[in-house]
2 protein chains.
Amino acid sequence: MSEIESFFKSAFSVDNVIFGFDGSELKVLLIQRGAAPFKGKWALPGDLVYPNENLDTAAERVLEQLTGLRGVYLEQVKAFGAVNRHPLGRVITIAYYSLIKISDFNVTPASFAQSARWHAVSEVEELAFDHNEILNTCLKRLKHKVRTEPVGFELLPPKFTLTELQQLYDAILNLPKKLDKRNFRKKILSMNLLVELPELQEGVAHRPAKLYQFDGEKYEQFVSEGFSFDI
Amino acid sequence: MSEIESFFKSAFSVDNVIFGFDGSELKVLLIQRGAAPFKGKWALPGDLVYPNENLDTAAERVLEQLTGLRGVYLEQVKAFGAVNRHPLGRVITIAYYSLIKISDFNVTPASFAQSARWHAVSEVEELAFDHNEILNTCLKRLKHKVRTEPVGFELLPPKFTLTELQQLYDAILNLPKKLDKRNFRKKILSMNLLVELPELQEGVAHRPAKLYQFDGEKYEQFVSEGFSFDI
DNA sequence: GGACTTATTGTTAAATGAACACCAATTTAT
DNA sequence: ATAAATTGGTGTTCATTTAACAATAAGTCC
């Protein structure tokens, strides 16, 4: 094989860290590999990038094939390209993470018969390939992102309570001490990005909380006026 | 060509945004392309990744071949993989940026006969490929990085004055108003990361300033104790 | 010695962040 | 219907950080 040919003896893939939130824990959607290599191991959903497909498109496709969802939050994080990261050849992978509303994920659609399951991020064990490293990198990125841009709402239902929002932040940031309830509420409400709905939480065995909605348009407007989100 | 084969009809490259600082402006090292495509256009230095070469190694190699430098600051930023970003085929590129001391760059070493030149980042015109986009992304990353980690020192000589340090920050951040001199000094000195040397600036036609050195070991220690750099 | 240039230093007011505890509203059990 | 249990909601104070701001000091050059 000539040197020039060997340059093309390689492929690239995307891997997608799909995050979800179940009300108390941050979760990641993993699939169990049905074939070698790493048969039986849990892994990040991913696929080779089609020859005439953009990277972002490939990541969206992986997400849609697994969850049926389109148009959700998706961000590229980094390329992973260690020479021996894939036992069958030279494959570099571009890592993405996406944020979905866990309730939107309804069992596995047809195209992916493989078993897919939510795992608590804190309890993920040894994954296939270098997927632990990818997961950690994406988690780190998410921790940062969620403090500087209002992406956390992507993980919550459209209507949520302030306690749910705070639990989300506590779950993602996983700080030694939980956020202070009063300070958190003060801060988030002072941004004027939440709309208080004329509805209350239902079906709880205690005082029901007010429901809020995130106002994305207001956020865009504020940003254009120099505002920057910060928690 | 079978579908499987076509997956391998692709290549990956690295492109390196090499930043330097000349005392007043942030610069980027560009090369002028000697061959098609984009012959004659300025471009980021880059190369295909060798089949058994790690991505970081390839970026280091590109840097060394151009500048003769090793062991300098280098960070991967992102993959760029739009289908038609390269006119001759499917090539995704992994973008890196590096920070070098501009005085260490001594004309072009033999292996790269191509013309390489420092350009003020603010005056860069239309580059080859999607290199303007890559440059902008890396610049944005650098702006953030320089405020949260002490990487700015990589662009300065080992001994520097506080004014030089501030000019570096002003040049990189390019804020509507320059940083306040007194506040900047207070902040940077309060971190206890700079060692005041028993030497003064020389060769200037005015009161010479004290020289300082960055103490990287102290920084590592402080970080392990929970410190985080912030300007 | 005088003119010139840049270096060095501190205070105050405003905004932000951190710490902290009690009453309110609802459901469930008796 | 009352009490117990559970979570929701709310303000103040103190400490810290940030922002704004100007006069004197130490050199060089003529």
Side-chain angles (χ1 to χ4, degrees), chain A residues 22-25 144 146-148 156-157 159-171 173 175-213 222 225-231, chain B residues 22-24 146-148 156-157 159-171 173 175-213 222 225-231:
Chain A
D22 69 356
S24 63
E25 276 187 308
H144 181 257
V146 87
R147 304 201 93 165
T148 54
L156 290 176
K159 301 172 182 183
F160 51 84
T161 71
L162 293 181
T163 299
E164 285 165 355
L165 183 60
Q166 186 185 340
Q167 278 165 344
L168 171 68
Y169 272 88
D170 280 328
L173 299 177
L175 299 169
K177 315 204 172 192
K178 294 196 185 307
L179 300 173
D180 179 273
K181 182 160 62 157
R182 279 179 282 189
N183 292 338
F184 178 79
R185 286 165 178 243
K186 232 179 302 171
K187 198 164 191 175
I188 198 88
L189 288 176
S190 72
M191 295 184 194
N192 284 311
L193 293 173
L194 299 188
V195 182
E196 182 179 327
L197 300 171
E199 298 173 60
L200 298 179
Q201 199 180 21
E202 282 176 13
V204 288
H206 55 76
R207 173 175 178 180
K210 292 180 196 160
L211 290 171
Y212 291 84
Q213 218 169 5
F222 288 172
E225 293 165 357
F227 169 79
S228 57
F229 188 87
D230 175 56
I231 281 195
Chain B
D22 69 355
S24 64
V146 87
R147 304 201 93 164
T148 53
L156 290 177
K159 302 172 182 181
F160 51 84
T161 71
L162 294 181
T163 299
E164 286 165 353
L165 183 60
Q166 185 185 340
Q167 277 165 344
L168 172 68
Y169 273 88
D170 280 328
L173 298 176
L175 298 169
K177 314 203 174 194
K178 294 197 185 307
L179 300 174
D180 179 273
K181 183 157 61 158
R182 278 178 283 189
N183 293 337
F184 178 80
R185 286 166 177 242
K186 232 180 302 171
K187 198 164 192 176
I188 198 89
L189 288 176
S190 72
M191 295 185 194
N192 284 311
L193 293 173
L194 298 188
V195 181
E196 183 179 326
L197 299 172
E199 298 174 59
L200 298 179
Q201 198 180 21
E202 282 177 13
V204 288
H206 55 77
R207 174 176 178 179
K210 291 179 198 162
L211 289 171
Y212 292 83
Q213 218 168 5
F222 289 172
E225 294 164 357
F227 169 80
S228 57
F229 188 87
D230 175 57
I231 281 194

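When reading the values below, keep in mind they use all heavy atoms of this one structure, side chains included, and skip hydrogens, waters and symmetry mates. Keep in mind that what you see is a predicted model, and the values were worked out from it rather than measured. Below, read A as the first sequence line, B as the second, and so on, with proteins coming before strands; counting in each chain starts at 1.
Looking only at distances, no side-chain donor or acceptor of B:Q201 sits under 3.5 Å from a matching main-chain atom of B:P208. B:Q213 places no side-chain N or O within donor-acceptor distance of the main-chain N or O of B:L197, the cut-off being under 3.5 Å. Checking side-chain atoms of A:R147 against main-chain N and O of A:D230 turns up no donor-acceptor pair under 3.5 Å.
Between the CG atom of A:L200 and the C1' atom of D:dG9 there is a distance of 12 Å, given to the nearest Å. Separating the CG atom of B:L189 from the P atom of C:dG10 is a distance of 12 Å, rounded to the nearest angstrom. D:dT7 atom C1' lies 18 Å from atom CZ of A:F160, rounded to whole Å. One atom, NE2 of B:H206, and another, C1' of C:dT5, lie 7 Å apart when rounded to the nearest Å. The interatomic distance linking B:E202 (CD) with D:dA26 (P) rounds to 19 Å, in whole Å. In this structure, the CD atom of A:Q166 is 12 Å from the C1' atom of D:dG9, given to the nearest Å. Counting to the nearest Å, the C1' atom of D:dG8 and the CZ atom of A:R185 are 6 Å from each other. Distance CD (A:Q201) to C1' (D:dT7): 9 Å, rounded to an integer number of Å.
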With sugar-phosphate taken as primed atoms, P, OP1 and OP2 and all else as base, the protein-contact string of nucleotides 13-24 of chain C at under 4.0 Å (heavy atoms; B, S, -) is -----BBBB--B
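Around CD of A:E202, the count of heavy atoms belonging to other residues, nucleotides or ligands within 6.0 Å does not exceed 12.
As judged by a 4.0 angstrom heavy-atom cut-off over every strand, B:T161 is placed among residues making no nucleic acid contact.
Contact annotation: the side chain of A:L165 never approaches that of A:Y212 to less than 4.5 Å [non-hydrogen atoms, C-beta and beyond]. Contact check for B:L200 versus B:K210: side-chain heavy atoms found under the 4.5 Å cut-off.
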